[in-house]
Amino acid sequence: MKVSSFNVNSLKARLVNVKEWLKEADPDIVCLQETKCTDDTFPRGEIEDLGYNLAIHGQKTYNGVAILSKYPIEDATPGLPEGDGDDHARYLEAVISVNGSAVRIASIYLPNGNPIGTEKFTYKLSWMERLVRHARNLLKYEEPFVLAGDYNVIPMPEDVYDPKAWEGDALYQPESRAKFRELLNLGLTDAFRACHTEPHRYTFWDYQAGRWQKDQGIRIDHLLLSPQAADRLKACDIDKDVRDREKPSDHVPIWAELDF
DNA sequence: ATGCCGGGCGAAGCCCGA
């Protein structure tokens, strides 16, 4: 079973690009972020025609997450727990039946948090704290799950082209990196790092300043696996070539192959 | 030090992203 995460930066603007990638990469489960469309304007038919079931948690203009699955979606729950007063569509969780096994999948669009020193950064950290608490609860079931998405966190210096250039940015703040580390310390596995040790592998390149042409990117899209999912991890990689196509997103897909 | 690019919104130019 191949599970993938892709921040599309507007599904409507990216529809041709996304459909082409879906056809060739042929993932079984896809977590999308920044769909930027409401549930009633989501291009359902276009995606369903490619063989996917849908769970969507949309919002106008900003945010918006979705889960596509070739396997049956048994249950879908929008929003992280403790969401009173949080109206951003940034989290969607579904239980999917994969060849007789129940696998929980979450599509995550973690807040950017810039600029630091503002309520945007405290929102990011409190959101991450909610995610840590939720992950801790999910781990009690001792079941396979994947927390997939745009975490807006650069975990380590080797995950950015120039660490100095990112000092002071919310994506590379010690507090942001520490909260991400808390998730790992709970026992979750960074699927990419479990399969690759080489530095300077990225999932995002800014549209500006020729970042893509100079390969100056950051690794901020992650697949975090529960122990029972990590047991089944066979491969993980980044579909870098998608960034070089017509009208690309500034992110590219990341995927993992799990033995289910 | 700021904007670079690109999307949404909505019909020009601003807000936002990372």
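Residue numbers begin at 1 in each chain, while the letters A, B, ... track the order of the sequences. For clarity, every value in this text was computed on a predicted model and none was experimentally measured.
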K.L.:
Write down the distance between CG (A/Asp250) and P (B/dC16), rounded to a whole number of angstrom.
P.N.:
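Interatomic distance, CG of A/Asp250 to P of B/dC16: 17 Å.
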K.L.:
Could you check which of B/dC4, B/dA18, B/dG8 has an atom nearest any side-chain atom of A/Lys12?
P.N.:
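Of the candidates, B/dG8 comes closest.
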K.L.:
Hey, are A/Lys124 and A/Asn114 close enough side-chain-wise for a donor-acceptor pair under 3.5 Å?
P.N.:
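Absent: no donor and acceptor within the cut-off.
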K.L.:
Any salt bridge linking A/Arg232 with A/Asp259? Criterion: basic side-chain nitrogen under 4.0 Å from a carboxylate oxygen.
P.N.:
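No, no charged N to carboxylate O under 4.0 Å.
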K.L.:
Regarding A/Asn152, tell me which of base, sugar-phosphate or nothing describes its non-hydrogen contacts under 4.0 Å with the strands shown.
P.N.:
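A/Asn152: backbone/sugar contact only, no base atoms under 4.0 Å.
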K.L.:
When you get a sec, tell me which of B/dA18, B/dG8, B/dC16 is the closest nucleotide to the side chain of A/Ile218?
P.N.:
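The answer is B/dA18, which lies nearest to the side chain.
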K.L.:
Please find out if less than 6.0 Å separates the ring center of A/His88 from that of A/Tyr109.
P.N.:
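No - the distance between ring centres of A/His88 and A/Tyr109 does not fall below the 6.0 Å cut-off.
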K.L.:
Between A/Gly210 and A/Pro248, which has a closest nucleotide on DNA chain B that is more 5'?
P.N.:
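With A/Gly210 and A/Pro248 compared, the 5'-side residue is A/Gly210.
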K.L.:
Hey, are A/Glu246 and A/Arg14 close enough for a salt bridge, meaning a charged N less than 4.0 Å from a carboxylate O?
P.N.:
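Here A/Glu246 does not pair with A/Arg14 in a salt bridge, since their nearest N and O are not under 4.0 Å apart.
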K.L.:
Considering only atom C1', compute the distance from B/dG7 to B/dA18 and round it to an integer number of Å.
P.N.:
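About 14 Å, rounded to a whole number of Å.
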K.L.:
In whole angstroms, how far is the C1' atom of B/dG7 from the CZ atom of A/Phe204?
P.N.:
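So the CZ-C1' distance, A/Phe204 to B/dG7, works out to 13 Å.
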K.L.:
Please report, rounded to the nearest Å, how far the P atom of B/dC9 is from the CG atom of A/Asn63.
P.N.:
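Rounded to whole Å, this separation is 12 Å.
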K.L.:
Please give the distance between the P atoms of B/dA12 and B/dG17 as a whole number of Å.
P.N.:
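After rounding to an integer number of Å, I get 25 Å for this pair.
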K.L.:
Is the phosphate of B/dG7 approached by A/Arg14 (side-chain N or O, under 4.0 Å from OP1 or OP2)?
P.N.:
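Yes, such a contact exists.
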K.L.:
Does B/dG8 have OP1 or OP2 sitting under 4.0 Å from an N or O in the side chain of A/Lys60?
P.N.:
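For B/dG8, OP1/OP2 do not have a side-chain N/O of A/Lys60 under 4.0 Å.
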K.L.:
May I have the distance from A/Ile220 (atom CD1) to B/dA18 (atom P), rounded to whole angstrom?
P.N.:
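Checked: the CD1 to P distance equals 6 Å.
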K.L.:
Among the candidates B/dC9, B/dA18, B/dC16, find the nucleotide nearest to the side-chain atoms of A/Tyr62.
P.N.:
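Among the listed nucleotides, the one closest to the side chain of A/Tyr62 is B/dC16.
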K.L.:
Using the P atom as the reference point in each nucleotide, state the distance between B/dA11 and B/dG6 in Å, no decimals.
P.N.:
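Between the two P atoms, the distance is 24 Å.
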K.L.:
OP1 or OP2 of B/dG7 versus the side-chain N and O atoms of A/Lys247: is any pair under 4.0 Å?
P.N.:
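Yes, such a contact exists.
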K.L.:
Could you tell me whether A/Asp150 contacts a base, only the sugar-phosphate backbone, or nothing, with contacts defined as non-hydrogen atoms closer than 4.0 Å?
P.N.:
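Touches sugar-phosphate only.
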K.L.:
Would you check if the side chain of A/Thr189 reaches a backbone N or O of A/Ala230 as a donor-acceptor pair within less than 3.5 Å?
P.N.:
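Side chain of A/Thr189 to backbone of A/Ala230, a donor-acceptor pair under 3.5 Å: no, none is there.
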K.L.:
Under 4.0 Å between a side-chain N/O of A/Lys120 and OP1 or OP2 of B/dG17, yes or no?
P.N.:
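Yes, within the criterion.
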K.L.:
Take atom P in B/dA1 and the same atom in B/dG13, then report the distance between them in whole Å.
P.N.:
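29 Å, rounded to whole Å.
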K.L.:
How many whole angstroms separate atom CD of A/Gln33 from atom P of B/dG7?
P.N.:
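Spelled out: CD on A/Gln33 to P on B/dG7 is 18 Å.
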K.L.:
Which one, B/dG8, B/dC4, B/dG7, comes nearest to the side chain of A/Gln208?
P.N.:
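Of all the options, the side chain of A/Gln208 is nearest to B/dC4.
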K.L.:
Mark yes or no for a side-chain to base donor-acceptor pair under 3.5 Å between A/Asn112 and B/dA18, with no hydrogen or angle criteria applied.
P.N.:
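Yes.
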K.L.:
Between atom CD in A/Gln173 and atom P in B/dA18, what is the gap in whole Å?
P.N.:
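Checked: the CD to P distance equals 16 Å.
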K.L.:
Can a cation-pi geometry be assigned to A/Arg130 and A/Tyr91, taking NZ or CZ under 6.0 Å from the six-membered ring centre and within 45° of the ring axis?
P.N.:
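Ring-cation test returns no.
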K.L.:
Over 60° means perpendicular and under 30° means parallel, so classify the ring planes of A/Trp205 and A/Tyr202, tilted if in between.
P.N.:
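Aromatic pair A/Tyr202/A/Trp205 classed perpendicular.
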K.L.:
As a test of reading the structure: which of B/dA18, B/dG8, B/dC16 is closest to the side chain of A/Asn7, going by heavy atoms?
P.N.:
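Among B/dA18, B/dG8, B/dC16, the one nearest the side chain of A/Asn7 is B/dA18.
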K.L.:
Under 4.0 Å from OP1 or OP2 of B/dG3: is there any side-chain N or O of A/Tyr207 that close?
P.N.:
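No, outside the criterion.
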K.L.:
For the side chain of A/Asn114, counting heavy atoms from C-beta on, which of B/dG17, B/dG7, B/dA18 is nearest?
P.N.:
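Selected nucleotide: B/dA18.
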K.L.:
What is the distance, to the nearest angstrom, from the CD atom on A/Gln59 to the C1' atom on B/dC9?
P.N.:
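For the pair A/Gln59 CD and B/dC9 C1', the rounded distance is 15 Å.
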K.L.:
How far does the C1' atom of B/dC4 sit from the matching atom of B/dG10, given to the nearest Å?
P.N.:
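About 24 Å, rounded to a whole number of Å.
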K.L.:
Whole angstroms only, please: what is the CD-C1' distance between A/Glu34 and B/dA18?
P.N.:
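Those two atoms, CD and C1', are 9 Å apart.
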K.L.:
Identify, between A/Ser10 and A/Tyr109, the residue whose nearest nucleotide on DNA chain B lies closer to the 5' end.
P.N.:
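This one resolves to A/Ser10.
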